[in-house]
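One structure below.
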Amino acid sequence: MSAELTAAAPAAERIGPILALLHAAYPDARCALDHRNALELLVATILSAQCTDERVNKVTPALFARYPDARAFAEADRAELEEMIHSTGFYRNKAKNIQEACARIVEVYDGQVPATMDDLLSLAGVARKTANVVLGTAYHMADGIVVDTHVKRLAQRLGLSTQNDPDKIERDLQAITPREEWIDLSHLLIFHGRRVCDARKPNCPGCVIRHLCPAAQA
DNA sequence: ATCCCGAGGG
DNA sequence: CCCTCTGGAT
């Protein structure tokens, strides 16, 4: 007889099937921010705050052509940089953070984006979410799990965490997810969040993991 | 808790 | 009009 897993099962038991079903649904899940190196990914991720990746990808080609390295960003004219990233929102904070972060990368890290959590967190505008993106995708050294707005929402709906603070949600996810899946987990939840488990009107009937979701609507 | 901030969708 | 988008600093 099959002990069918239900939405009422503990998160630690549901995470395996959830990962397997999402892997099957989104075999191409990956970082959606266009980039060619760690610095470009860092800048794109800072720009992605409260902004769609699609919009970030519209401004970064010209941005990366104009500013090819950390020194170029650090020495850029602030007003010109602000204009180039204006459409991503929060453009004053983002321009300031990019320039301060790049100045430190030049002065302290010899122009190379650091590859440890503590060093990344010392950069302006970089907290755990952005640091986890750079470590996981640019350096393939997942030190944590990316918890953005999609991961937060889906973790809560799926009952993988009852917390509200992203750092606490990250710890809950770490506790039930094999480390080798930490990078994929975020990409899978982000893809699913965008295509099915929308913030406004989730498409539960079309969801491949609805039978494992406490929040699923009939 | 509040501020930063544009763009797109409903 | 309102809500949301790969957040972070104060």
Side-chain angles (χ1 to χ4, degrees), chain A residues 22 26 28-35 38-60 62-63 78-105 113 117-140 142-158 160-161 163-170 173 177 181-203:
Chain A
L22 292 181
Y26 313 109
D28 58 335
R30 56 178 174 77
C31 179
L33 294 167
D34 295 338
H35 64 283
L39 180 70
E40 290 188 355
L41 180 59
L42 174 66
V43 171
T45 307
I46 290 174
L47 293 177
S48 75
Q50 299 296 290
C51 176
T52 61
D53 53 354
E54 186 180 356
R55 177 146 299 281
V56 172
N57 289 336
K58 285 183 179 178
V59 311
T60 47
L63 196 66
R78 179 67 59 89
E80 181 185 316
L81 177 57
E82 287 180 354
E83 186 188 346
M84 294 190 75
I85 67 173
H86 178 272
S87 68
T88 67
F90 296 155
Y91 58 90
R92 292 191 194 87
N93 281 340
K94 288 175 180 176
K96 183 170 184 287
N97 287 335
I98 288 169
Q99 292 205 277
E100 288 181 4
C102 284
R104 181 172 170 81
I105 288 171
V113 177
M117 177 61 74
D118 286 344
D119 288 336
L120 284 166
L121 292 179
S122 75
L123 301 175
V126 178
R128 285 197 65 88
K129 184 261 170 180
T130 298
N132 279 328
V133 169
V134 172
L135 285 173
T137 295
Y139 293 130
H140 306 287
D143 203 32
I145 294 174
V146 173
V147 179
D148 71 331
T149 182
H150 295 296
V151 175
K152 175 182 177 183
R153 181 180 68 252
L154 268 67
Q156 291 175 334
R157 284 180 177 169
L158 285 165
L160 302 180
S161 175
Q163 299 293 333
N164 195 46
D165 173 49
D167 287 356
K168 293 180 180 175
I169 293 174
E170 184 184 355
L173 294 176
T177 308
E181 295 276 18
W182 283 7
I183 297 174
D184 284 350
L185 174 64
S186 292
H187 292 148
L188 291 168
L189 292 180
I190 289 166
F191 268 57
H192 194 57
R194 294 183 65 187
R195 301 182 187 184
V196 177
C197 196
D198 193 273
R200 302 283 285 272
K201 200 168 74 72
N203 178 17

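All of these numbers come straight from a predicted model, not from anything done at the bench. Lettering of chains follows the sequences in order, A, B, ..., and the numbering in each one begins at 1. Note: hydrogens, waters and symmetry copies are ignored here, and every other heavy atom, side chains too, is used.
For the pair Thr149(A) and dC5(C), the criterion of a side-chain N or O lying under 4.0 Å from OP1 or OP2 is met. Using a 4.0 Å cut-off, some side-chain N or O of Thr130(A) falls inside it from OP1 or OP2 of dG8(C). OP1 and OP2 of dC3(B) both lie 4.0 Å or more from every side-chain N or O belonging to Arg92(A).
Closest to the Arg55(A) side chain, of the nucleotides dG7(C), dT6(C), dG8(B), is dG8(B). Relative to the side chain of Phe90(A), the nucleotides dT6(C), dA7(B), dG7(C) differ in distance, and dG7(C) lies closest. The side chain of Arg200(A) lies closest to dG9(B) when the candidates are dG6(B), dT6(C), dG9(B). Taking every side-chain heavy atom of His86(A) into account, dA7(B) is the closest of dC5(C), dA7(B), dT6(C). Of the candidate nucleotides dG7(C), dC5(C), dT6(C), dG7(C) has the atom nearest to the side chain of Ala49(A). With dG7(C), dT6(C), dT4(C) as the candidates, the nucleotide lying closest to the side chain of Ala32(A) is dT6(C).
Between the His150(A) side chain and the Asp148(A) main chain, no donor and acceptor come within less than 3.5 Å of each other. One N or O on the side chain of Ser122(A) and one on the backbone of Asp119(A) form a donor-acceptor pair closer than 3.5 Å. Of the possible donor and acceptor atoms, none in the side chain of Trp182(A) sits under 3.5 Å from a partner among the backbone N and O of Asp143(A).
dT6(C) sits 23 Å from dC4(B) when the P atoms are compared, rounded to a whole Å. Between the C1' atoms of dA7(B) and dA9(C), the separation comes to 23 Å (whole Å).
As judged by a 4.0 angstrom heavy-atom cut-off over every strand, Val151(A) is placed among residues making no nucleic acid contact. Using a 4.0 Å heavy-atom criterion, one finds that Thr88(A) contacts no nucleic acid atom at all.
Heavy atoms only, all atoms of each residue included: Glu170(A) and Ile145(A) are closest at OE2-N, 3.0 Å. Between Lys94(A) and Thr88(A), the shortest heavy-atom contact is NZ-O, 2.9 Å. Considering all non-hydrogen atoms of both residues, Gln163(A) and Gln156(A) come closest at O-NE2, 2.9 Å.
Nucleotides of DNA chain C nearest to Leu123(A) and Asp198(A) differ in position, and the one nearer the 5' end is that of Asp198(A). Between Leu121(A) and Thr45(A), the residue anchored nearer the 5' end of DNA chain C, judged by the nucleotide with its closest heavy atom, is Thr45(A). With DNA chain B read from its 5' end, the first of the two nearest nucleotides for Lys58(A) and Asn93(A) is the one closest to Asn93(A).
Summarising the geometry, the separation between CZ on Arg153(A) and P on dG7(C) is reported as 11 Å, rounded to the nearest angstrom. Regarding His192(A), its NE2 atom lies at a distance of 16 Å from the C1' atom of dT6(C), rounded to whole Å. The distance between atom NZ of Lys96(A) and atom C1' of dG8(C), rounded to the nearest whole Å, is 12 Å. In this entry the distance linking CZ of Arg195(A) with P of dT4(C) reads 21 Å, nearest Å. Rounded to an integer number of Å, the gap from CG of Leu47(A) to P of dA7(B) is 14 Å. Between Lys94(A) atom NZ and dA9(C) atom C1' there is a gap of 14 Å when expressed in whole angstrom units. Between Ile46(A) atom CD1 and dG8(C) atom P the separation is 9 Å, expressed in whole Å. Protein atom CG of Asn97(A) is 12 Å distant from nucleotide atom C1' of dT10(C), rounded to whole Å.
The side-chain ring of Tyr91(A) is not stacked on the base of dG6(B), judged by centre separation under 5.5 angstrom and plane angle under 30 degrees.
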